[in-house]
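Below, chains carry the letters A, B, ... as their sequence lines are ordered, and counting in each starts from 1.
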Amino acid sequence: MYERLKEKIMLGQPRPIMNAAYDLFHNGTIALAHAELNGMRIDVDYCVLQQKKLAKKIRKEETALDATKMGRLWEHIYGTKKNYNADKQLRNILFSKMKLKSYMETDSGLASTKAEALSYHDAIEGIKGLIRRRKYAKVNTTFEGMIREQVDGILHPFFNLNTVKTYRGSSSNINFQNIPNRDFEVMNMIRRAIYPLPGYQIAAIDYGSIEVGTGCFYHKDPMMMKYVSDKSTNMHRDMAMQLFMLDTLDKEHKGNEINPGENALYQGAKGAFVFAQFYGDYYVHCAEGLWKIKKDVMLKNGTLLEKHLKDFDVGTLKKYTTHVKEVETDFWENRFRIYNQWKESFYQEYLENGYFDMLTGFRCQGVMNQKQVCNSPMQGTAFHLLLWSFSEVDQWLRKNKMKSCMMGQIHDEMLLHLWPSERHIVLPKIKQIMTESIREKFDWINVPLSVDADLSGVDRPWNEKKGIEI
DNA sequence: GGAACTCGCCAC
DNA sequence: AAACGTGGCGAGTTCC
């Protein structure tokens, strides 16, 4: 059956590389199906209760809004049609009637009403309340979906392999891959609803910085490979120092109350510059993003970053942008010159052939720009490492008659229902598969791979996850 | 009355 | 020359 299916799909043109891709998705599909079947527990009563609380919070915000100047204008114009959830009405009120300046636009060129755009006007009475109302409404609909999709208190999200042009996976009904994590308040609210199967605990094991690693498989940039391989180096720390013109930046102070600023600078360099640049962003936008972070940061020596930058003659956004431009040039022409050359040659090759292949055997065809062409292999390959590991772990658990079983996948992270007494057998085995066995399977892996793990308590919800050492 | 679209927002 | 890659989904809105 398996061979016949494979032949049919290969359309009689078997090439070894494509066979590898077929096998990966064939085995991956089976393992993901096991996870879908297992599903995850959900506390429906809690969801319903939270919805009631959220509805109350939303009503409270709306009552407060009604009493503002903006609210009265809204009422005057729309009457019974007034709807605080209608962005079109909001756009009309703010940018036409109240004549506020629009700082951001939507893709189609209208004045944006997203939270970031509204926050430019958060001094206006009601704006902050409107943003809060929207956040509550969003969380409310998330509970709505979970209640709708559960069957007898179990959610069975789908994990698809047929929807993404980079050959990543996706998830639906519900989308298990975009459950809030970064906003601590919202994370706690939503993940509090999700439980392991009775008697189990949730284990989440993810690859560390995997897309940076997969990049190295393709461009083989020596500086990037050193950053990934040598633990005494740190790319984001180096970039934070260069971007903010500092001599030191100790990552160990991350989250330290004495030096809260260090965390902001490290995270800022990482998110607003390094990853943005990798995805194809450019210095003007990066400078704007970095400029927002810097304001109230206190440096180790007691000076405000704002003053520090002024002392270095980059105290205005305009001057700072020129500085970021120089950092960008250095980033691509010196620090990651080989990566930069690869982007050029890989794209040229695509233009000549009309397609490009991934190391895992997948072929990408279609009209793409350079950013898409150069991002796809990294994104896809990173997921394929996770998927291969996911399938190996699933097979190992079954073969060895473990009670632990698969729960789901979030691109570079696998989640399991972990049977507590199996913890010290299963977790080390997973680490071994993810970081060692995989290097025997794929000989083009040219940098060490690392994993991080989170664990919830036995019969405790997902929001109580805590980092652990394996 | 449903399909298709835009927008906003969540994840990696 | 232009300027952040990949998804899913809900609400509102418009099209047919």
Side-chain angles (χ1 to χ4, degrees), chain A residues 78 81-92 104-118 130-131 133-146 148-149 157-183 186-187 189-191 204 206-212 214-215 270-289 321 324-325 328 343 364 368-383 385-386 408-415:
Chain A
Y78 289 100
K81 290 254 162 60
K82 182 185 76 175
N83 180 353
Y84 287 130
N85 222 18
D87 294 331
K88 200 181 174 220
Q89 295 185 12
L90 176 61
R91 183 175 298 116
N92 184 30
M104 305 182 87
E105 288 183 353
T106 67
D107 286 344
S108 69
L110 300 174
S112 171
T113 59
K114 63 180 175 183
E116 190 190 348
L118 294 183
L130 208 53
I131 294 171
R133 199 213 75 96
R134 205 188 253 167
K135 180 168 148 178
Y136 298 143
K138 165 110 176 147
V139 177
N140 204 5
T141 60
T142 304
F143 283 122
E144 194 77 48
M146 296 203 295
R148 186 190 63 235
E149 296 296 333
F158 294 153
F159 295 100
N160 317 298
L161 295 176
N162 64 323
T163 63
V164 183
K165 45 188 171 180
T166 63
Y167 297 102
R168 240 196 193 183
S170 71
S171 170
S172 56
N173 304 90
I174 61 172
N175 180 355
F176 184 65
Q177 297 178 321
N178 71 346
I179 296 177
N181 201 14
R182 290 168 198 178
D183 183 321
V186 180
M187 183 280 284
M189 242 193 286
I190 302 285
R191 296 195 178 205
D206 72 297
Y207 275 117
S209 306
I210 190 64
E211 281 194 35
V212 180
T214 42
K270 185 177 170 182
F273 187 82
V274 176
F275 283 133
Q277 288 284 330
F278 287 167
Y279 284 142
D281 207 356
Y282 80 129
Y283 67 94
V284 173
H285 190 224
C286 290
E288 285 170 7
T321 303
V324 176
K325 183 179 181 179
E328 184 190 82
K343 286 202 290 189
C364 293
M368 284 173 277
N369 63 34
Q370 188 178 11
K371 286 170 194 169
Q372 293 170 308
V373 169
C374 294
N375 280 324
S376 297
M378 298 176 195
Q379 195 187 92
T381 305
F383 171 64
L385 297 192
L386 184 280
Q409 159 268 129
I410 312 179
H411 306 304
D412 67 352
E413 176 178 22
M414 65 173 77
L415 293 101

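- Summary of the strand contacts: Lys88(A) and Asn173(A) both lie near DNA chain C, and taking for each the nucleotide with the nearest heavy atom, the more 5' one is attributed to Asn173(A).
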Reading nucleotides 6-12 of chain B from the 5' end, what letters show protein touch, with B for base, S for backbone sugar-phosphate only, - for no heavy atom under 4.0 Å?
-> SSSBBSB

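- In summary, of the residues considered (Val164(A), Asp412(A), Leu161(A), Thr214(A)), a side-chain contact (heavy atoms from CB on, under 4.5 Å) with Phe383(A) occurs for Leu161(A) alone.
- Every side-chain hydrogen bond (donor to acceptor under 3.5 Å, both in side chains) that Tyr78(A) has, sequence neighbours left out, goes to Asn92(A).
- Atom CG of Asp183(A) is separated from atom CE of Met189(A) by 8.0 Å, given to the nearest 0.5 angstrom.
- Within 4.0 Å (heavy atoms only), Thr142(A) reaches no atom of the nucleic acid at all.
- Within the structure, every pair that satisfies the salt bridge (Lys or Arg N to Asp or Glu O under 4.0 Å) test and touches residues 107-116 of chain A, not counting sequence neighbours, is listed here: Glu116(A)-Lys292(A).
- Boundaries of the chain A contact region on DNA chain C are dA3(C) to dT14(C), first to last in 5' to 3' order (nucleotide atom under 4.0 Å from a heavy atom).
- Asn85(A) meets the side-chain hydrogen bond (donor to acceptor under 3.5 Å, both in side chains) test with Arg133(A); sequence neighbours excluded.
- Thr141(A) places a side-chain N or O within donor-acceptor distance of the main-chain N or O of Lys138(A), the cut-off being under 3.5 Å.
- Residue pairs satisfying the side chain to side chain donor-acceptor pair (under 3.5 Å) criterion with at least one member in residues 369-380 of chain A, sequence neighbours excluded, are listed as follows: Thr166(A)-Gln379(A).
- Two residues are said to be in side-chain contact when any heavy atoms from C-beta on lie closer than 4.5 Å; Glu149(A) and Phe158(A) fail this criterion.
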